[in-house]
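For reference, the structure discussed in these notes is given below.
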Amino acid sequence: MPVTARPLAGSFYRRDAADVAPDLLNKVIVHAGRAARIVEVEAYRGVDDPGSHAYRGRTPRNATMFGPPGRLYVYFVYGMHWCANAVCGDDGEAMAVLLRAAAPLRGLEAMRALRPSARRDRDLCSGPAKLCQALGLDGSHDGADLVAPGGGVRIVADGTAPPTEPGRSARVGLSTGADLVLRWFVPGDPNLTPGTKVMLIRG
DNA sequence: ACCGGGATGTTCT
DNA sequence: GAACATCCCGGTG
């Protein structure tokens with residue numbers, strides 16, 4: 001099962017984030033005995049992407065984005081929330097895929113304990129900060145190696161293929177770079193970010 | 001269901 | 001001082 005499966009290879013991440021992102025749909029993120037199937041992601045394409053943290057160059061906060069790929073980039077936002085990305089591309093390209101929503105698979109009791117405000121299980125991981133809360137990811141996991149066999153945070157394949165026709169839309173919550181269509185999701189999944197379940201673009 | 005506002009503090013201008 | 005890759009709660013329909 002997911003908890004013992006092998007992580008994705010390093011070559012999986014060493015591609016453009018816009019190519020990695022749809023391939024991450026239906027993969028499984030595993031941490032601390034909990035597992036969830038990724039159903040919504042966004043690509044951030046480095047120093048040329050006005051919506052990316054890397055757009056204004058390297059800072060202490062975004063250093064993990066600049067490589068190597070296959071690491072977890074975890075950042076703090078709005079004074080209280082953590083969000084997690086998989087670093088992609090070549091070293092220095094500063095690309096990443098934001099993990100926006102997931103379907104809880106395993107360790108639901110622990111997730112409920114970490115997210116007491118979640119009324120239903122579909123509220124456990126239905127947003128980037130909720131996902132981090134439910135899985136117990138925070139700043140201490142920034143830079144974690146996703147590729148290492150014995151690593152604490154892993155992204156694994158359990159045999160479920162990504163959707164043949166993923167839903168696509170603009171990215172959520174941005175003031176700049178909001179026109180780019182760099183969000184992918186599993187159409188109709190109940191765990192998507194609330195208010196974004198409509199498929200805006202096909203293909 | 002949908003909408004509006006407040007929480008909360010790091011980061012960079 | 002402003003912005004911020006968000007979430008939650010309490011209103012209304």
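The model shown is predicted, which means the values in this text are computed figures rather than measured ones. Hydrogens, waters and symmetry mates play no part in the numbers below; they use all other heavy atoms, side chains included. Letters A, B, ... are given to chains in the order of the sequence lines, protein chains preceding strands, and every chain is numbered from 1.
Heavy atoms of A:R115 sit under 4.0 angstrom from primed sugar atoms or phosphate atoms, though from no base atom. Contact annotation for A:G177: no contact, since no heavy-atom pair falls under 4.0 Å across all strands.
Heavy-atom nearest nucleotides on DNA chain C were determined for A:L131 and for A:T176, and the one closer to the 5' end corresponds to A:T176. Between A:A118 and A:L98, the residue anchored closer to the 5' end of DNA chain C is A:L98, taking for each the nucleotide with the nearest heavy atom.
Taking A:R58 as the reference, nothing meets the salt bridge (Lys or Arg N to Asp or Glu O under 4.0 Å) condition, with sequence neighbours excluded. Every side chain to side chain contact (heavy atoms under 4.5 Å, CB included) that A:P104 has, sequence neighbours left out, goes to A:L108, A:M111, A:L124, A:C125, A:N191. Residues that satisfy the salt bridge (Lys or Arg N to Asp or Glu O under 4.0 Å) test with A:D19, not counting sequence neighbours, are absent from this structure. With sequence neighbours excluded, the residues that form a side chain to side chain contact (heavy atoms under 4.5 Å, CB included) with A:A84 are A:L72, A:V74, A:C132, A:L137. Residues that satisfy the side chain to side chain contact (heavy atoms under 4.5 Å, CB included) test with A:R14, not counting sequence neighbours, are A:P69, A:D90, A:D91.
Residue pairs meeting the salt bridge (charged side-chain N to carboxylate O under 4.0 Å, His left out) criterion with at least one partner in residues 123-147 of chain A, sequence neighbours excluded, are A:R120-A:D123. Note on residues 69-86 of chain A: pairs passing side chain to side chain donor-acceptor pair (under 3.5 Å), not counting sequence neighbours, are A:H53-A:Y73.
Once you apply a 4.0 Å limit to the heavy atoms of chain A, the touched nucleotides of DNA chain C run 5' to 3' over C:dC4 to C:dC8. Bracketed by its first and final contacts, the part of DNA chain B lying under 4.0 Å from non-hydrogen atoms of chain A reaches from B:dA7 to B:dC12 in 5' to 3' order.
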Table please: side-chain donor-acceptor pairs of residues 172-179 of chain A below 3.5 Å, with sequence neighbours left out.
{"from": "A:T176", "atom 1": "OG1", "to": "A:P50", "atom 2": "O", "distance (Å)": "3.0"}

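Here A:L114 sits alone; no ILVMFWY side chain lies under 4.5 Å from its own, so it joins no hydrophobic cluster.
Secondary structure note: stems in DNA chain B built from 3 or more consecutive Watson-Crick or G-U wobble pairs under 3.5 Å occupy B:1-7 with C:6-12, B:9-12 with C:1-4.
The two residues A:L24 and A:A86 make their nearest non-hydrogen contact at CD1-CB, 4.4 Å.
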